[in-house]
Structure formats: structure tokens, C-alpha cells
Visitor: 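Structure incoming, see below.
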Amino acid sequence: MLRVSAARSAASAITRVARVNAVRGFIAPTVSRRADFVQELYLKELKSYKPAQIKESDSAGQVQVFSAPKAPKSPEEADLANSLKEYENMVVDVEGSEAGSAPAVLEDWLVLEEDEEETTTRH
């Protein structure tokens with residue numbers, strides 16, 4: 001008898017668990033339904049998000065104010081006209097000639113030597 005009552009209680013426990021699982025399976029969403037629910041919730045929150053309006057004064061304490069640097073003054077600009085006049089009035093020095101004398105005659109630097117004909121004796 002003890003075996004029969006144990007078998008009955010085991011069978012009744014199995015049927016109770018099967019009923020609960022059947023009810024839970026019907027109520028509980030499947031994995032694909034859960035993913036859709038999460039995706040729908042995410043999209044709903046994403047669509048309802050409104051970013052704050054950006055104002056001109058928002059960056060006041062965050063960045064420095066830009067100011068263009070001054071152009072540097074060239075040291076030659078002040079005396080440029082006088083330097084140009086000095087350059088134009090300079091006397092051109094030619095190496096190898098004295099000032100005031102006639103220009104030296106340039107020698108021909110390309111000198112072609114005549115080929116010497118070698119006499120060869122054939123044996």
C-alpha cells in the first residue's frame with residue numbers, strides 16, 4: 001500500500017507541475033516576443049527623447065575667446081626704400097679686373113687639341 005500511495009502522490013505532483021507549466025507557457029511571452037518588447041520599449045523612449053536646445057552662451061565658461069594674433073613687424077620694412085637705393089647705386093665688382101680699367105679679354109676656355117696620328121706598324 002505504501003507503494004501505491006507513493007505512486008499516486010508522485011503522479012498527482014507531476015500533473016500539477018504539468019498544469020502550472022502549461023499555464024505559465026501560455027502567459028509568459030516567448031523569447032522572440034521578449035526581444036520585440038524590449039525593442040519596442042527602446043524605440044518608444046528614443047522617439048520621445050527631446051534634446052536640450054543649444055544656446056550661444058552655453059560655451060561661455062568652457063572655451064577661450066579667439067583673438068587673432070597681431071602680424072609681426074619685419075625688421076627690414078622700416079629701411080626698405082633706402083636699402084633698395086643703396087643696392088641700385090652699388091658698383092659691380094668683377095673678379096680679376098681693377099676698377100676704372102677696361103674689361104679684360106676673356107680667353108677661350110674651350111681648347112681643342114689636335115689628334116696626333118699614331119703610326120702603327122703591323123707585324
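Excluded from the calculations below are hydrogen atoms, water molecules and symmetry mates; all remaining heavy atoms, backbone and side chain alike, are included.
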Visitor: Give me the other members of the hydrophobic cluster that L84 sits in, counting Ile, Leu, Val, Met, Phe, Trp and Tyr linked by side-chain heavy atoms under 4.5 Å, directly or via other members.
Guide: none
Visitor: Suppose we screen for side chain to side chain contact (heavy atoms under 4.5 Å, CB included). Which residues come up paired with N89, at least two apart in sequence or across chains?
Guide: none
Visitor: Side-chain donor-acceptor pairs under 3.5 Å in residues 47-55, sequence neighbours left out?
Guide:
{"residue": "S48", "atom": "OG", "partner": "K44", "partner atom": "O", "Å": "3.3"}
{"residue": "S48", "atom": "OG", "partner": "E45", "partner atom": "O", "Å": "3.1"}

Visitor: Could you measure the distance from the CG atom of D36 to the CG atom of L41? Nearest 0.5 Å is fine.
Guide: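 Result: 12.5 Å between the selected atoms.
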